[in-house]
Colleague: 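Before we start, here is the structure in question, set down as C-alpha cells.
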Amino acid sequence: MPEIVKKTILNRDVCRFEIMAPRIAEKRKAGQFVIIRLHEHGERIPLTIADADPERGTITLIVQGVGKTTRELNNMKAGDKIADVVGPLGRPTHIENFGHSVVVGGGLGTAVMYPIARALKDAGNRVTFILGARTRSLLILEDELKGFCDEVKICTDDGSYGKKGFVTDLLKEMIEEGEKIDFVIGAGPIPMMKALAETTRPHGIKTVASLNPIMVDGTGMCGACRVLVGEETKFACVDGPEFDAHQVDFDLLWKRNRAYIKQEKIALERYLKMQQGATF
Amino acid sequence: MGERKKLSTKERLKIPRQPMPEQDPHERIKNFREVPLGYTPELAMKEAQRCLQCPDPPCVKGCPVEIDIPGFIKKIEEGDFLGAVRVIKKTNLLPAITGRVCPQDEQCEAECVLGKKFKPVAIGNLERFVADYERENNLIEIPPRESPKGKKVAVIGAGPAGLTVAADLIQKGYEVTIFEALHKPGGVLVYGIPEFRLPKSIVQKEIELLEKLGVEIVTDFVVGKTATIDELMEKEGYDAVFIGIGAGLPWFLNIPGENLIGVYSANEYLTRVNLMKAYMFPDYDTPLIESRRIAVIGGGNTAMDAARTALRSGAEKVYLIYRRSRKEMPARTEEIAHAEEEGVEFVFLTNPVEFIGDEEGRLKAVRVIKMQLGEPDESGRRRPIPVPGTEYEIEVDTAIVAIGNSSNPLLLQTTPDIETNKWGNIIVDPATGKTSKKGVFAGGDIVRGEATVILAMGDGRVAARAIDEYLQTGKW
C-alpha cells in the first residue's frame, strides 16, 4: 500500500501530500490524474497529480477537504498508508510552444494547473498565471508559481489580497488592454470555467478546461464521467480530462456533479459525528 | 462410495430432474445471498442416476472445454465426490464458478439426449455440487509445480481468461505476474456478476489458490498507462504476454437525455454495487442514487443481473425493457426465471427513444416505442422494427443500460503493432491465441466481443498451451 511520505497543511481546508508511488512518478505527465481509495470501505475518487519526484518515487496530491473522503484523507498523516493509488490516468495535456499562454487557477484548480504551467514554461511559452481564490487564506502555491512563471496575477473574491474580483476579470482586462494571448487553459469551480470559456470565446482564443466529473474506475469502463463536448458524449477519464472549453456543456457537468449531493451530505455528517465521538 | 447402481435405462428415465433448492423469492429480494442453495449429497446422487452414460456423449461436445461429463457424473453416482471434481479439474480449473455462471442450457445440457423427451441432466448443478464439496471440506489440493523454467509471463487482466492462463502456466514452472487495473482481482466475476449469483468468497478462494501456487497479482496497475506492453517485455524482462482485458467500454443507446442523472451503464451500476458495495452505503462510501422505479434496458445476463440487483437495492418497481420477445432473450433461462419470480416486470418488444428529465437534470421517465419482429438479421434473430405511433412514457427515476460493451481502447492505443478488427477486438489465431505481435497472446472478450466466462477460460487454456510451446521452442 502506498505510504504518505510527507504532509503539509496549506490552509484550513487544503493539504499537500507526497505519496510513494514510483511507477506513477516516473510515468506521469502534466494533466494526468490518479484514482485513490483510502481503505476497504472507501470510494474511488480522482485526484490530479500536482507534481512528482521520479528520483524519490513520490507523487504530490493537493487535496481540498470538501466531502467525506477528502476530509478523511486530509486527516491522515505522514506514515499512514492509502489502500489504492492507480495511474497515471487520463490523457496528458497537449503541450507545445503556443507563444503567450495564460494559465488560470481558481481555488483548488490551481493545483491542477500548477504542473501544466510548468510544462508550458518548459516548452518555451511565456506563461502568465492568473491565481484566484475566495479569500487570501485559501490561495495556494503562490510562491511556487512565482518561482517559474513570467508573471503571476492574483485576485480574491473579497479583495483580501491581490485584486478584488474573479480570475475572469483579470483575463478580460488583459484582453481589453490588447495583450496578445495565444492559449488559455484553466481549472476551477464549474461556474468559473464556464465564465472563462465565455470570456475568450468572442476573441477566438484557444481555450482548454480541465474537467472534474464524478468517476469510478477511471479507465473507461463505467461511463460515470460522461461529459458533453460539442454534440458528442465523451468519457472524461479516457478522452480527457481536458477539453476545448468552448465546446463543453458546463451546465450539464454542474448538474451531473450534484448527482449524489444528498448521499454526500449523509456520508459527511456521519463521518463528522464519528470523529467527534472519537475525540470525546 | 460404491459401484454405480445397476439400474435399467427405463428406471433411470423415470427419475425426474432434481430441483435445485432455492431461497424463497420474497425473502431473497431482501438480501444479496446466493439464490440457489446447492444440492445435498442425496439430491446429487439421485440426479446423477439420471445420466445414461452415453458411449459417444453429446454433452461433452456441447462443452467449450470438453469436460468428461459422464465421467464425473458416474463418480457422483458412486458417491465419490472428490473423484468427480478431480475429473472436472483435468479440463476446467474453476468448476465452482462455471457451475454457477455457464449457459448450460445452450451448451452441455442443450445436447443431453434426455432433453429430447424429458428434462436434461442438471449438469451445471452437479458440477457446482462437487466443486462446493471440495472447497467446503477443505479438500482443494494445491497442484504440483514443474521445476522452474526461468521464464516470465505477464498476464494482463485478472478475469476468467487471465486467471486460467496464470493457473496453467504457474504449474508448468513459469513465473507469472497478473496485472489488474482495479483494486481487486477477478474481473467480471467481481465487478460484474452479483453476489447472489456468484458469491465473492468463491472467487476469492480461487485467487488465493493461485497465489499459493506462486502467481504474483499486482492490482492498481493499468497496462497502457502505468506501463506499456513494450516496457514490460523490454525493460522488465517478461518473455511472453497474455492480454485478457475483457470488453470494457459500455455501449449507450445514443438517444436524447442519456446523460441525465439516473441513467447508468450496467457496468457502472453493477460496479458500484458489487465491487464498491454501494448497497451497504453509508457503511461503504460509494453511493447509489435513491431509486424507486427502475428501467433496465437489454435482454442478456447483465440485464438480468442489473434488474435483480436493483430489486435488492430497494427499488419498488423494476421494468426490464427488451426490444425483441422473450424467445430471443440471450440470458440464461435460469436467470430469466429468477428475475420473473422476484417480480421484475418484462416489457417485451419495446425500445427506449428518449430519456426525460426534470430541471435538476434528473431522470423522471423513459419514452419508449413498441416494436414488431421482421425478417431475421445476421444473428439469425428476427430484427425488431419500431411501430409508428405507439410511443408512450414509463415513469422511472433510474435507467440501467445493459446493451453490451465494445472493446476498451486504453491498452491498445499504446500497442499499434497489435492488429484489431473494425470493432477494436484483437485478431488472433484461434488455435493458439497468437496476436500479430511476437510474444503476445490474447483471449476472452477482448478477442470475442462479448461472450461467456467459460469461453474466456477456454481461450486461456489454448493460449497457455501455445505460450508454453513458444517459450520452449522460441518459434513464433
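Note that the coordinates shown come from a computational prediction; the quantities given were computed from them, not determined experimentally.
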Colleague: Check the orientation of B:Tyr284 and A:His41. Use parallel for under 30°, tilted for 30 to 60°, and perpendicular for over 60°.
Modeller: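 Answer is parallel, since the angle falls under 30°.
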Colleague: Checking B:Leu249 against chain A: side chain, backbone, both or neither under 4.5 Å from a heavy atom?
Modeller: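 Both backbone and side chain.
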Colleague: Has A:Lys7 got more than 12 heavy atoms of other residues, nucleotides or ligands less than 6.0 Å from its NZ?
Modeller: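 It does: A:Lys7 NZ has more than 12 such atoms within range.
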Colleague: Counting only non-hydrogen atoms closer than 4.5 Å, does B:Ala227 touch chain A with its backbone (N, CA, C, O), its side chain (CB onward), both, or neither?
Modeller: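 Backbone plus side chain of B:Ala227, per the 4.5 Å heavy-atom cut-off to chain A.
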Colleague: For B:Lys200, I'd like to know if atom NZ has over 12 heavy atoms of other residues, nucleotides or ligands within 6.0 Å.
Modeller: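 Check passes, neighbour count above 12.
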Colleague: Which atoms of B:Thr271 are under 4.5 Å from chain A, going by heavy atoms: the side chain, the backbone, both sets, or neither?
Modeller: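 Side chain only.
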Colleague: Quick check: closest heavy atoms across B:Asn259 and A:Arg256, and the distance to 0.1 Å?
Modeller: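 Scanning both residues completely, I find the closest heavy atoms to be O-NH1, 2.8 Å.
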Colleague: Over all heavy atoms of both residues, which pair between B:Asp285 and A:Lys68 is shortest? Give the atoms and the distance, please.
Modeller: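 Shortest heavy-atom contact: OD1-NZ, 2.8 Å.
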Colleague: Measure B:Phe221 against the heavy atoms of chain A and call it side chain, backbone, both or neither at under 4.5 Å.
Modeller: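 The answer is both parts of B:Phe221.
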Colleague: Of the backbone (N, CA, C, O) and the side chain (C-beta and beyond), which part of B:Asn254 lies under 4.5 Å from a heavy atom of chain A, both, or neither?
Modeller: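 No part of it gets close to chain A.
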Colleague: Given a strict heavy-atom distance threshold of 4.5 Å, which part of A:Phe235 is in contact with chain B: side chain, backbone, both, or neither?
Modeller: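 Contact with chain B: side chain only.
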Colleague: Need one label for B:Glu359: side chain, backbone, both or neither, based on atoms under 4.5 Å from any heavy atom in chain A.
Modeller: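 Looking at B:Glu359, just its backbone touches chain A.
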Colleague: Measuring heavy-atom distances to chain A, does B:Leu270 have an atom under 4.5 Å in its side chain, in its backbone, in both, or in neither?
Modeller: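 Neither; nothing under 4.5 Å.
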Colleague: Can you tell me if CD on B:Glu395 sees more than 12 non-hydrogen neighbours from other groups inside 6.0 Å?
Modeller: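 Not buried by this count: 12 neighbours or fewer within 6.0 Å.
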Colleague: What residue in A:Leu38, A:Leu228, A:Thr233, A:Thr69 has the most heavy-atom pairs under 4.5 Å with chain B?
Modeller: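 Counting heavy-atom pairs under 4.5 Å, the top option is A:Thr233.
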Colleague: Between B:Asp283 and A:Arg270, is there a side-chain N and carboxylate O pair less than 4.0 Å apart?
Modeller: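 Counted as a salt bridge, because a side-chain N and a carboxylate O are separated by less than 4.0 Å.
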Colleague: Which atoms of A:Val34 are under 4.5 Å from chain B, going by heavy atoms: the side chain, the backbone, both sets, or neither?
Modeller: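 When you check distances to chain B, no heavy atom of A:Val34 falls under 4.5 Å.
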Colleague: Among the options A:Leu252, A:Asp251, A:Val238, A:Asp217, pick out the one with the most heavy-atom pairs lying under 4.5 Å from chain B.
Modeller: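 Ranked by contacts with chain B, first place is A:Leu252.
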Colleague: Do you know the tightest heavy-atom contact between B:Pro250 and A:Gly223?
Modeller: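 Scanning both residues completely, I find the closest heavy atoms to be CG-N, 4.5 Å.
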Colleague: Using a distance-only test with no angle check, is there a side-chain donor-acceptor pair under 3.5 angstrom linking B:Asn408 and A:Thr219?
Modeller: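 On atom types as modelled, these side chains do not qualify, holding no pair under 3.5 Å.
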Colleague: Count the heavy atoms of every other residue, nucleotide or ligand shown that sit under 6.0 Å from CD of B:Glu290, and state whether that count exceeds 12.
Modeller: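 No - once you tally the heavy atoms of other residues, nucleotides and ligands closer than 6.0 Å, there are 12 at most.
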Colleague: Taking every heavy-atom pair that is under 4.5 Å apart, which of A:Glu43, A:Arg23, A:Arg226, A:Lys255 has the most such pairs with chain B?
Modeller: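 Max contact count across the listed options: A:Arg226.
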Colleague: Of all of A:Arg28, A:Glu72, A:Glu264, A:Lys262, which one pairs up most often with chain B through heavy atoms under 4.5 Å apart?
Modeller: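 It is A:Lys262.
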Colleague: Let me know if A:Arg44 has heavy atoms under 4.5 Å from chain B in its side chain, its backbone, both or neither.
Modeller: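 Backbone plus side chain of A:Arg44, per the 4.5 Å heavy-atom cut-off to chain B.
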Colleague: Atom NZ of residue position A:Lys194 - does it have more than 12 heavy atoms of other residues, nucleotides or ligands inside 6.0 Å?
Modeller: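 Count not over threshold, so no.
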Colleague: Give the member of A:Val86, A:Ile266, A:Ile24, A:Ile45 that has the highest number of heavy-atom pairs under 4.5 Å with chain B.
Modeller: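 Result: the option with the highest number of such pairs is A:Val86.
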Colleague: With a 4.5 Å cut-off on heavy-atom pairs, point out which of B:Glu231, B:Lys225, B:His183 contacts chain A the most.
Modeller: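 The candidate making the most pairs under 4.5 Å is B:His183.
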Colleague: Under 4.5 Å heavy-atom distance to chain B, tell me which part of A:Arg37 shows up: side chain, backbone, both or neither.
Modeller: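 It is the side chain, since no backbone atom gets that close.
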Colleague: If you tally heavy-atom pairs under 4.5 Å against chain A, which of B:Asn267, B:Thr226, B:Val222, B:Leu182 wins?
Modeller: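 Most heavy-atom pairs under 4.5 Å with chain A: B:Thr226.
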Colleague: Please determine, among B:Thr286, B:Ile289, B:Leu260, the option with the most heavy-atom pairs under 4.5 Å with chain A.
Modeller: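 The candidate making the most pairs under 4.5 Å is B:Ile289.
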Colleague: Only pairs of heavy atoms separated by less than 4.5 Å count here; which of B:Met280, B:Gln413, B:Glu236, B:Lys277 has the most with chain A?
Modeller: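 So the answer, after comparing B:Met280, B:Gln413, B:Glu236, B:Lys277, is B:Glu236.
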Colleague: Which atoms of A:Ile36 come close to chain B, meaning under 4.5 Å heavy atom to heavy atom: side chain ones, backbone ones, both, or neither?
Modeller: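 Interface part for A:Ile36: neither.
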